[in-house]
Amino acid sequence: MQQPFDTQGIPSGCPAHGNVQLYGPEFGADPEGHYAHLRAIGPSAPVDIAPDVEVELVTSYDAALHILQNPASFVRDSRRWRALNEGRVPEDSPALPMMGYRPNALFSDGASHARLRQAVTDSLATVNELQLVRQTQQSADYLISRFSSEPRGQAELMADYAQPLPLLVFSDLFGCPPAVGDRVIVGISGIFDGTPGADETLGAALAELIALKRRRPGADLTTRLMEHPAQLSDEEVLHQLVTLLSGGTAPLSATIGTSSALYLGEDWQTGLPVEDAVSQTLWNYAPIANYAGHYPTHDVDLAGRTIRANDPILISFAAANTDPRLTEHREQLSGKAHLAFGAGPHACPAKDPAFMIAATAVESLLNRLPDIEMRVPFKSLTWAPSPWSRSLVTLPVRFSPRTVPSAGVEAARHQTAARAPQTSAPGAPRPAAQPAAAQLNKSGLFSRFLAWTRGE
């Protein structure tokens, strides 16, 4: 394996800037080592978040909290981004989909942010917790039924369980008809996989969903957003839905996968509840690792470093949560004092439902497969080399094959035959991504899930 540090123990730098590279296999192999080096520089340090994209990365818990809670001096509107406006960010940069402006609450400030966020928080507040738990359990049962009866008694939990489960739950919450839900899942999955045409597929599916809800409102999150007193336009509703999907599904998948791995790992203390595994994941393996772009409204000083107005500052939630200065008194802090869900006016509005979904997903897995165990030690698992998220690449497990409930026998058989071949070992190469339009012809995950729930 390539060593992430040179002979002096310093992370490799970007040839253009001399900054630490916060992407690629070297970073993925040892993110903690990179954060430790950056902490030695100060509460923040310049890094390259992507090729030719320089940002200031905050690794200190106290500095991160100060920025997150100070919207007067640090705003979220990325249209201020100096380097982007001066043409110094490559047009095909992978940082643009993550940092580029979108008309949603995440990239808004002041009255505009308050209006959009209120519509989101009020709509989320109408979600019934018991119903959400039932939706999660039903999605979990369906996915487990797809692989639990296979004679080999093995599965790859990221692809088979952690990744699709939030997509099923959210498609249900949004009130998607079967065909629209299929396209939403293909689109949002494709965005994170870099699949060509995924943006267009997702946008078209959500536009169709919104048009449908205009004609036939329902008891779902999409309708509640559309009927909110804030009177969001269809475009605004679409972008709030994209935010909920992208900000909810990928981090939830990472949380479910890591929490399952921790609970099944050799170092886990028997008898501790599942909720402890989820909390430990949020503290030590923040699913959204480095994000939350902020732009100073004026030149600011961060522990002796001058950050110019409109130069991007990113928060390393992963580094802030594991800040050595914090761990000295972490036992005195609230268990929810981590920054995995952010803080301040832009804190995640769905943190309680997200925690509930993750804990329910892990509990459902353990209840259905009580003898499940990992096929490799926790420390041997590999992580995606992305600066944005902390997610396992694969989670190989084994278990005693189970009998599929009668209501889902035929659906489970169909799924087993239709699934793409699974990797046989951690880190094995995946098939090349196909355009989103081509995937629609063979996907239908949400349609088959709904058919399964009806016993078809």
Side-chain angles (χ1 to χ4, degrees), residues 1-65 94-95 98 158 251 254-255 257-259 261-262 265-267 280-292 302-305 312-328 330 338-340 376-395 426-427:
M1 182 176 67
Q2 187 179 14
Q3 293 298 316
F5 298 94
D6 62 21
T7 54
Q8 283 75 44
I10 300 175
S12 301
C14 170
H17 302 139
N19 297 336
V20 170
Q21 295 182 14
L22 221 71
Y23 59 90
E26 292 186 354
F27 170 70
D30 187 15
E32 288 85 0
H34 285 68
Y35 297 144
H37 170 72
L38 292 171
R39 286 193 193 99
I41 298 174
S44 71
V47 304
D48 273 34
I49 200 74
D52 299 318
V53 180
E54 180 177 3
V55 303
E56 189 77 10
L57 187 75
V58 176
T59 56
S60 159
Y61 182 93
D62 290 339
L65 203 58
M98 302 299 295
M158 292 306 297
T255 304
T258 305
S259 300
L262 282 173
E266 60 276 10
D267 293 333
Q280 187 169 321
T281 294
L282 297 174
W283 271 107
N284 297 332
Y285 306 93
I288 300 178
N290 305 286
Y291 196 49
L302 288 179
R305 283 186 52 78
I313 299 174
L314 261 59
I315 306 298
S316 179
F317 300 108
N321 280 349
T322 56
D323 186 342
R325 296 185 180 184
L326 178 68
T327 55
E328 295 176 1
R330 200 165 101 177
H338 58 76
L339 299 180
V376 298
F378 181 85
K379 294 180 181 178
S380 298
L381 296 171
T382 56
W383 302 89
S386 165
W388 314 107
S389 63
R390 186 71 187 271
S391 180
L392 291 169
V393 175
T394 59
L395 180 52

So do the side chains of [X] and [Y] get within less than 4.5 Å of each other, counting heavy atoms only?
{"X": "Asn284", "Y": "Asn321", "answer": "no"}
{"X": "Leu262", "Y": "Tyr285", "answer": "yes"}
{"X": "Ser389", "Y": "Tyr291", "answer": "no"}
{"X": "Thr255", "Y": "Pro287", "answer": "yes"}
{"X": "Pro312", "Y": "Ile49", "answer": "no"}
{"X": "Leu38", "Y": "Val20", "answer": "yes"}
{"X": "Val55", "Y": "Ile313", "answer": "no"}
{"X": "Trp383", "Y": "Asp30", "answer": "no"}

Within this structure, what is the [atom1]-[atom2] distance for the pair [X] and [Y], rounded to the nearest 0.5 Å?
{"X": "Asp48", "Y": "Asn19", "atom1": "CG", "atom2": "CG", "value": "4.5 Å"}
{"X": "Ser44", "Y": "Leu57", "atom1": "OG", "atom2": "CG", "value": "8.0 Å"}
{"X": "Thr59", "Y": "Leu314", "atom1": "OG1", "atom2": "CG", "value": "12.5 Å"}
{"X": "Gln280", "Y": "Leu282", "atom1": "CD", "atom2": "CG", "value": "10.5 Å"}
{"X": "Leu22", "Y": "Ser386", "atom1": "CG", "atom2": "OG", "value": "9.5 Å"}
{"X": "Arg325", "Y": "Asp62", "atom1": "CZ", "atom2": "CG", "value": "8.0 Å"}

For this session: Starting from the C-alpha separation in whole Å, work towards a yes-or-no answer on side chain to side chain contact (heavy atoms under 4.5 Å, CB included) for Leu339 and Trp283.
Result: CA-CA 8 Å; Leu339 299 180; Trp283 271 107; over 6 Å; no

Looking only at heavy atoms, which two atoms of [X] and [Y] are closest? And how far apart?
{"X": "Tyr23", "Y": "Pro387", "value": "CB-CD, 4.1 Å"}
{"X": "Pro46", "Y": "Glu54", "value": "CB-OE2, 3.5 Å"}
{"X": "Leu381", "Y": "Ala261", "value": "CD1-CB, 3.8 Å"}
{"X": "His34", "Y": "Phe27", "value": "CE1-CA, 3.6 Å"}
{"X": "Leu392", "Y": "Met158", "value": "O-CE, 3.6 Å"}
{"X": "Phe317", "Y": "Ala292", "value": "CZ-CB, 3.6 Å"}

Exercise. What pairs with Tyr35 under side-chain hydrogen bond (donor to acceptor under 3.5 Å, both in side chains), at least two apart in sequence or on another chain?
Worked result: Asn290

Exercise. Is any NZ, NE, NH1 or NH2 atom of the basic residue among Glu56 and Arg305 found under 4.0 Å from an Asp or Glu carboxylate oxygen of the other?
Worked result: yes

Exercise. Salt bridge check: are Glu32 and Arg390 linked by an N-O gap of less than 4.0 Å?
Worked result: yes

Problem set entry | His37 side-chain N/O to Gly33 backbone N/O, donor-acceptor pair under 3.5 Å | no

For this session: Spell out, as yes or no, whether a donor-acceptor pair under 3.5 Å connects the side chain of Asp323 to the backbone of Tyr61.
Result: yes

For this session: Would you check if there is a donor-acceptor pair between the side chains of Ser259 and Thr281 at a distance under 3.5 Å?
Result: yes

